[in-house]
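Read the numbers this way: they start at 1 and go in the same order the structure lists the ligands and their atoms.
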Amino acid sequence: MRPRSTQAVLAASFAAAGSCHDTYCQQNLNLSTVSWTVSNPNGSVSVPGKFPSQAHIDLYAAGVIPWPLYGLGDFDLRWVAYSNWTYTSEALKGLRQDADSTWLLFNGLDTFASIEFCGKHVAATNNQFRQYYFDVTSLLKECKSNPVLSINFGSAPNIADAIAAEPGQETWPFGVEINYEFLNRQFIRKEQSDFGWDWGPAFAPVGPWLPGSIVQLAASEFHIRNSLVDIYREGQLNLLPPDQSRDWVVKTSLDVFGKLPSDASLTYSLQDASGKTVGEGRFENVTSDSSTITGSVVIPADSVNLWWPVGMGPQTLYSLKIAVDSNGRTVNEVTKRVGFRTIVSNQGPITQEQLDMGIAPGNNWHFEINGHEFYAKGSNLIPPDVFWANVTEARIKQLFDSVVIGNQNMLRVWSSGAYSPDFMYDLADEMGILLWSEFEFGDALYPVEKEFLDNVKDEVYYQVRRINHHPSLAYWAGGNELENLELYVVENAAPKELDRYTAEYETLFLDTIVPILFGNSRSISYSPSSTSNGYLELDFSLPQPITERYNNKTPGSIYGETDHYDYDSTVAFDISSYPIGRFANEFGFHSMPSLESWQQQIDPADLYFNSSTIVLRNHHYPPMNTNTSNYANSTKGMVEMTLAVERWYPAPQKEDPIANFSAWCHATQIFQADYYSSQIQYYRSGSGRRERQLGSLYWQLEDQWQAPTWAGIEYDGRWKVLHYVARDIYQPVIVSPFFNATTKDFEVWVTSDLWSSVKGAVNLTWYDWSGKRLDIATPVTLPVTVGAINSTKVLQTNTNDILKNHDPLDVVLAMSVSVEGQLPSSNTTQTLTHTNWFHAAPLSVAHIVDPGLKITPGKDSFTIEATTGVAAWVWLDHSAGVMGYFDSNAFWLAPGEKKEVGFTVTGGEWIDGTTVQSLWDLTLP
Ligand SMILES: *[C@@H]1O[C@H](CO)[C@@H](O)[C@H](O)[C@H]1NC(C)=O
Ligand SMILES: *[C@@H]1O[C@H](CO)[C@@H](O)[C@H](O)[C@H]1NC(C)=O
Ligand SMILES: *[C@@H]1O[C@H](CO)[C@@H](O)[C@H](O)[C@H]1NC(C)=O
Ligand SMILES: *[C@@H]1O[C@H](CO)[C@@H](O)[C@H](O)[C@H]1NC(C)=O
Ligand SMILES: *[C@@H]1O[C@H](CO)[C@@H](O)[C@H](O)[C@H]1NC(C)=O
Ligand SMILES: *[C@@H]1O[C@H](CO)[C@@H](O)[C@H](O)[C@H]1NC(C)=O
Ligand SMILES: *[C@@H]1O[C@H](CO)[C@@H](O)[C@H](O)[C@H]1NC(C)=O
């Protein structure tokens, strides 16, 4: 494995860092190696703690609280969130009295902490996302015994309420601040979803959630606490496609404490993955002050290879060693693993050349990697656990494996969680997953008083510099659903106040964030909001170059991203209800997790569809306060799922209550997957229409608990129907049916996101449900050619005309496409195929028959066969406890067709017990 960046790693126990001086060398005490106690203010609870940690994790480990995700723990554990929790160290041995300076360094304190060292107050903190460091030299010198470090974390909900109640505090029109459970999250810089969200519980955890250390230095030493590396093409400016023929500029800037030598200079050594040095020398134009040192160097374009996202080329990574030299020798150094790529969100005006290609006027909104347009395929990542301190690299690796196997190349890391740890970006760098990243603001407007903005400035400065060197970093957005939702709510609730709140929005998301972001990174594009209509103008002579477009639109022109939720399932498959834009960054519908997941966290007595535990774990729609008995809101969301199943599929009515529950859970997943598939196919085919649509990121990749949510992957890693279906429909070349149930217009499209044209044919085979071939007046084989990242309509007809004497209830169509094409990452031509099915009537009323499914276990796979009819939505289910995925699932089979399906185990041991069913099984008693 290629070495990762070394600065983020806090070495075990006492470790020397940097180079040693004659008599003394820097030493770090890693706070994870110390014993900790966690206690509440009156001392009634006092248990062993970990570091990093969050109180719930330690209270659970000590048996003080039950498993937080079990049953109604979301409500029952409020008392933990309403209490303070103090992390107290053992008396710290081994700190050196002869050090010239001693510092506390915390990479993350969640959130309101009062810190004491040797019984003396050191400081108070109020931002989960900042790195804090404190000089405790004199406190250590005065300390009579081995010092104790204690960190008293306040209750975040109580403190948020207290801040909201301060006289003169900012207020917003009703409906602007979207509340889930605890209120007033917009006043505090803490993970916003810790106060509840519509897909998660509200634990509001506290604790030292990231590593910390005590750093001791000699008088002439300094510690590098954070470092920036920005790699861009000469002349490159944010948001603008750079000239790909130019050389690379590598800029670095180190944040330090201690004594930076006045004659400090910077050198670098760049090595490829094999360890071969491909460049070395001095940084130029070095400037420094007491806390930073900055320099730049030009690296010739031909001395390095490009980094590409998965499917587009290799993930070439380099190791960049940056050394600080003084007086002719290296006094400190840091190594960053980097990649050379440009990634731009092109929101520029549609050009004449694009108009000539048939693209609608307006502005672009798509990504370009190394100067190439590409189709972004992926989903939205939510915080993978309610307790970040418990998120391991192994779990993220497993999740990211599912992303890559799922044919996804981009994740939108949703903005009201926490900034991703370096190991997530490291994995994404290695696996080629682009991470659209966001500042942690969402579904609210925020205060703009100086103290709040100053706090945000420190957060943005730290996080931008920490993350920027990762080639997987694709984009920064200010926050989630701000322009399209928040300002829209203001406009409707208090139109006279729109100017004021828009100005405040710009104060935070443009005037505060942009100068810091663009001042540190020339390589990354930014928009204040996901979703937005993009910018109206860019003027880099201004400190803040972006002017937002808002609704300044020319009729007939197309701008910006789309975000689409419609819980009226009557229109789920009506493509005219989908938004037309350049990029779809969010869309979805909730579904139930599987029976296997529910069984992990629910009392067996609660395993039925509308049991109170299940209803109250459904947070769509959210309670909007800490009321534990808001059945009204959650029932609405349960009803939406129920109606969707009844409307579109055979509604289960099984005698066995558990089997019935399981069938209902599964049916909601089929609807979800069917609906997403329909939208994804529509968005992807838009690459060839006038909207030139170039991205589809559905809501949401994964779960953080077991509940009805929009996820495609359940909390333990099990794939829902959605993840399999998305994997299929995110293949490079797909064939798609589009049907208008009113007019009966029927079209077949082929879409390709390859970077060169593909050529081949589509076969159409009509059946009745029993599998008899129908003679229907459409061509059997249609030739097809699709240009680079484009789509083609291969058939346009009307089912009234072609079905004539066939009952639509008894008609299905199998469509197969086979083309020759070249993957962007390869220079040989290969055959790409895809199969899809169309049914002329909703499956709830269609004359489906028993397909006579057979499953035959083989050595490493199963053979599935439909013997007596067309099998719709064939579903293989693996035993609980097995982690992994089938090669294919949720597919259709023609009668007589055999399909061999393997299973990849990613965790646990394989357990026999795989079952197979299809849509027909929903009809059985
Ligand atoms: C945290 O992770 C550890 C190690 O995987 C596990 O044993 C523990 O149960 C988890 N605790 C919580 C509260 O998630
Ligand atoms: C609770 O924590 C807050 C924040 O650190 C602190 O200001 C307050 O004094 C603490 N209260 C108690 C009772 O420990
Ligand atoms: C250093 O500064 C000079 C003068 O401004 C400039 O021409 C040169 O491009 C800079 N070098 C780098 C590597 O940025
Ligand atoms: C897509 O293909 C059509 C048909 O060949 C062509 O007219 C159109 O210009 C292409 N669009 C783009 C953006 O390449
Ligand atoms: C949810 O419940 C609250 C009262 O607790 C109510 O004000 C709100 O309108 C409800 N929201 C929805 C979407 O039903
Ligand atoms: C069918 O097409 C018509 C005309 O284009 C459109 O207005 C309508 O919304 C579509 N309806 C459905 C159900 O697809
Ligand atoms: C289409 O049908 C022809 C003739 O049966 C066959 O050779 C070809 O493989 C089929 N192509 C696809 C994509 O199924």
Considering only the protein, which heavy-atom contact is closest to [atom], and what is its distance?
{"atom": "atom 5 (O) of ligand 2", "result": "N152 O, 2.9 Å"}
{"atom": "atom 6 (C) of ligand 1", "result": "N390 ND2, 4.2 Å"}
{"atom": "atom 7 (O) of ligand 2", "result": "S114 CB, 4.9 Å"}
{"atom": "atom 10 (C) of ligand 2", "result": "N84 ND2, 2.4 Å"}

Between R692 and E373 (salt bridge meaning N to carboxylate O under 4.0 Å), is one present in this structure?
yes
Do NZ/NE/NH1/NH2 and the carboxylate oxygens of K190 and D110 come within less than 4.0 Å?
yes
Do Y419 and E440 come within less than 4.5 Å of each other through their side chains, counting heavy atoms only?
yes
Would you say the side chain of Q704 lies within less than 4.5 Å of the side chain of I382, judging by non-hydrogen atoms?
yes
Would you kindly check if the NZ (Lys) or CZ (Arg) of R684 is within the cone defined by 45 degrees around the ring axis of Y730 and under 6.0 Å from the six-membered ring centre?
no
Should you measure from each heavy atom of Y60, which atoms of ligand 1 turn up under 4.0 Å away?
9 (O)
Can you tell me which portion of Q354 lies within the under-4.0 Å heavy-atom range of ligand 4? Options are side chain, backbone, both, or neither.
neither
Once the angle between the rings of H372 and W755 is folded into 0 to 90°, is it parallel (under 30°), tilted (30 to 60°) or perpendicular (over 60°)?
parallel
Protein heavy atom under 4.0 Å of atom 14 (O) of ligand 1:
yes
So how far is it from W365 CH2 to T562 OG1, rounded to the nearest 0.5 Å?
10.5 Å
Run the numbers for me: atoms of ligand 2, each under 4.0 Å from some heavy atom of [X], listed by number.
{"X": "F112", "value": "4 (C), 5 (O)"}
{"X": "A113", "value": "5 (O)"}
{"X": "G154", "value": "1 (C), 2 (O), 3 (C), 4 (C), 5 (O)"}

How about D385 and N390: does a side-chain donor come under 3.5 Å of a side-chain acceptor?
no
Candidate with minimal heavy-atom separation from atom 3 (C) of ligand 4, of T785, N790, T792, I789
N790
Counting only nitrogen or oxygen atoms and a 3.5 angstrom limit, does M357 reach ligand 4?
yes
